[in-house]
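One structure below.
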Number of protein chains: 2
Amino acid sequence: MTVLEPEPLRSAEVALDDPATKRSAQLTKALGHPVRLAILKLLTQRDTCFCGDFTDVLPLAQSTVSQHLKVLKDAGIINGTSSGVRTCYCLNTEGVEELNECLESLSDMFKMTSRPDCC
Amino acid sequence: MTVLEPEPLRSAEVALDDPATKRSAQLTKALGHPVRLAILKLLTQRDTCFCGDFTDVLPLAQSTVSQHLKVLKDAGIINGTSSGVRTCYCLNTEGVEELNECLESLSDMFKMTSRPDCC
DNA sequence: ATATTTCATCGTAGTTTAACGATAAATAGT
DNA sequence: ACTATTTATCGTTAAACTACGATGAAATAT
């Protein structure tokens, strides 16, 4: 009978399964496109936008803009509610709070005890 | 002779051309994968890692890990210098500073005068 | 009733990403 | 001189992303 070797600690593998890590990745991924950043910026400036407001301002087809809006909505960062023939978009307060926490926690992670680059 | 209509302001279209917007998108996109977040976390914890340190800990092929490292390196977030047969990876101080500024500026953008979701 | 507007969705095409195994180059060990 | 180890890169595959035009549904206007 063989002696069982202790499993090595695999901290990062755990981090991969961590829901918080997955969520952070989803949120940052949703931010990771210039068009989506522009959409979000516009929403912080005007706080209410119809889909057409974005297409007026972005050099993209309406269907493309709609797709980007869907990405942001699926990530929980914005709301979209149809109001009559139009759809009203705005920031999702809860999602934005979560996003801010995510951004802050990432920022905290990178607060290094200033050391020179080792390589 | 027809009167020239004033061009509508197209602020977000400008934002798309903005290098800062593109850079923010590049940085957040680089963060937007669980494996890359795990790699970065490990680097903040151990401040020096060889490629093998990551592959020991991640449930991925060495070539895949190498690809993720390349993404982070191309984004300027980490350094990689070969030292002998191995390659030493660490955080890129300058890139991390830039990243922190990016994260903070995004966070600032979302600091809303708490209003209820309009839709 | 009909036409127009607004927008989501579908289908499609081209590009990029993410994963793998295989390989090659370079160093270190025997 | 070989052999091991380490790691970047290549080739490949499958999936996801980005963009577009076309279409259809729903509400509004004529």
Side-chain angles (χ1 to χ4, degrees), chain A residues 12-13 15-17 21-22 25-40 42-43 46 48-75 77-90 118-119, chain B residues 12-13 15-17 21-22 25-40 42-43 46 48-75 77-90 118-119:
Chain A
E13 193 165 352
L16 282 188
D17 294 334
T21 301
K22 285 188 194 170
Q26 184 191 23
L27 286 170
T28 51
K29 188 176 180 179
L31 296 184
H33 192 290
V35 168
R36 291 195 289 269
L37 288 180
I39 287 173
L40 290 173
L42 210 59
L43 278 177
R46 307 187 29 185
T48 293
C49 289
F50 296 112
C51 180
D53 294 329
F54 300 114
T55 57
D56 285 348
V57 139
L58 294 165
L60 292 170
Q62 177 265 326
S63 55
T64 304
V65 172
S66 210
Q67 263 182 333
H68 283 296
L69 289 168
K70 182 164 162 47
V71 172
L72 293 171
K73 191 175 176 185
D74 287 347
I77 304 176
I78 68 175
N79 298 322
T81 310
S82 69
S83 105
V85 69
R86 311 201 210 178
T87 302
C88 170
Y89 285 98
C90 69
C118 62
C119 52
Chain B
E13 193 164 355
L16 281 189
D17 292 335
T21 301
K22 286 187 193 169
Q26 184 191 23
L27 286 170
T28 51
K29 187 176 181 182
L31 296 184
H33 192 290
V35 167
R36 291 196 288 271
L37 288 180
I39 287 173
L40 289 173
L42 210 59
L43 278 178
R46 307 189 25 185
T48 293
C49 289
F50 297 112
C51 180
D53 295 330
F54 299 115
T55 58
D56 285 348
V57 140
L58 295 165
L60 292 170
Q62 177 267 324
S63 55
T64 305
V65 172
S66 210
Q67 262 182 333
H68 283 296
L69 289 168
K70 183 165 160 47
V71 171
L72 293 171
K73 191 175 175 186
D74 287 347
I77 304 176
I78 67 175
N79 298 323
T81 311
S82 68
S83 106
V85 68
R86 312 201 209 176
T87 302
C88 170
Y89 285 98
C90 69
C118 61
C119 54

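A, B, ... follow the sequence lines: proteins, then strands. Residue 1 opens every chain.
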Distance-only criterion, 3.5 Å: show the donor-acceptor pairs between side-chain atoms of residues 57-65 of chain B and protein atoms not counting sequence neighbours.
none

> Can you tell which of A:Ile78, A:Leu43, A:Asp56, A:Leu69 makes a side-chain contact (heavy atoms from CB on, under 4.5 Å) with A:Cys49?
Replying inline: A:Leu43
> 5' to 3' on DNA chain C, which nucleotides open and close the contacts with chain B (atom under 4.0 Å from a heavy atom)?
Replying inline: C:dT17 to C:dA28
> Which residues pass the side chain to side chain donor-acceptor pair (under 3.5 Å) test with A:Lys73, sequence neighbours left out?
Replying inline: none
>> For B:Lys70, give me all partners under salt bridge (charged side-chain N to carboxylate O under 4.0 Å, His left out), at least two apart in sequence or on another chain.
In response: B:Asp74
> Starting at CD1 of B:Ile78 and ending at C1' of D:dA8, how long is that distance when rounded to a whole Å?
Replying inline: 13 Å
>> Per the salt bridge (charged side-chain N to carboxylate O under 4.0 Å, His left out) rule, what does the pair list look like for residues 59-68 of chain A, sequence neighbours excluded?
In response: none
> Listed by chain and number, what are the side-chain contact (heavy atoms from CB on, under 4.5 Å) partners of B:Thr87, not counting sequence neighbours?
Replying inline: B:Ser82, B:Tyr89
>> Could you tell me the Watson-Crick or G-U partner of C:dT27, where both distances fall under 3.5 Å? Say none if there is no partner.
In response: none
> In residues 63-70 of chain B, which residues come under 4.0 Å of DNA chain C by heavy atom?
Replying inline: B:Ser63, B:Thr64, B:Gln67, B:His68
>> Expressed as a whole number of angstroms, how long is the span from B:Gln62:CD to D:dC10:P?
In response: 14 Å
>> Can you tell me the base-pairing partner of D:dA27? Count Watson-Crick or G-U wobble geometry only, both distances below 3.5 Å, and say none if there is no partner.
In response: C:dT4
> In terms of base orientation, is C:dA8 syn or anti, with the syn window spanning 90° either side of 0?
Replying inline: anti
> With sequence neighbours left out, what residues match A:Cys118 under side-chain contact (heavy atoms from CB on, under 4.5 Å)?
Replying inline: B:Thr48, B:Cys88, B:Cys90
> Rounded to the nearest Å, what distance is computed from the CD1 atom of residue A:Ile39 to the C1' atom of nucleotide D:dA19?
Replying inline: 14 Å
>> Suppose we screen for side chain to side chain donor-acceptor pair (under 3.5 Å). Which residues come up paired with A:Gln67, at least two apart in sequence or across chains?
In response: none
> What residues in residues 81-90 of chain A put a non-hydrogen atom under 4.0 Å from any atom of DNA chain D?
Replying inline: A:Gly84, A:Val85
>> Can you give me the closest heavy-atom contact between B:Leu37 and A:Thr21, atom names plus distance?
In response: CD1-O, 3.6 Å
> Is B:Lys73 touching bases, backbone alone, or none of the nucleic acid, heavy atoms closer than 4.0 Å?
Replying inline: nothing
> Are B:Leu27 and A:Thr28 close enough that some pair of their side-chain heavy atoms sits under 4.5 Å apart?
Replying inline: no
> Which residues pass the side-chain contact (heavy atoms from CB on, under 4.5 Å) test with A:Val71, sequence neighbours left out?
Replying inline: A:Ala30, A:Arg36
>> What is the separation between atom CG on A:Asp74 and atom P on D:dC17, rounded to the nearest whole Å?
In response: 10 Å
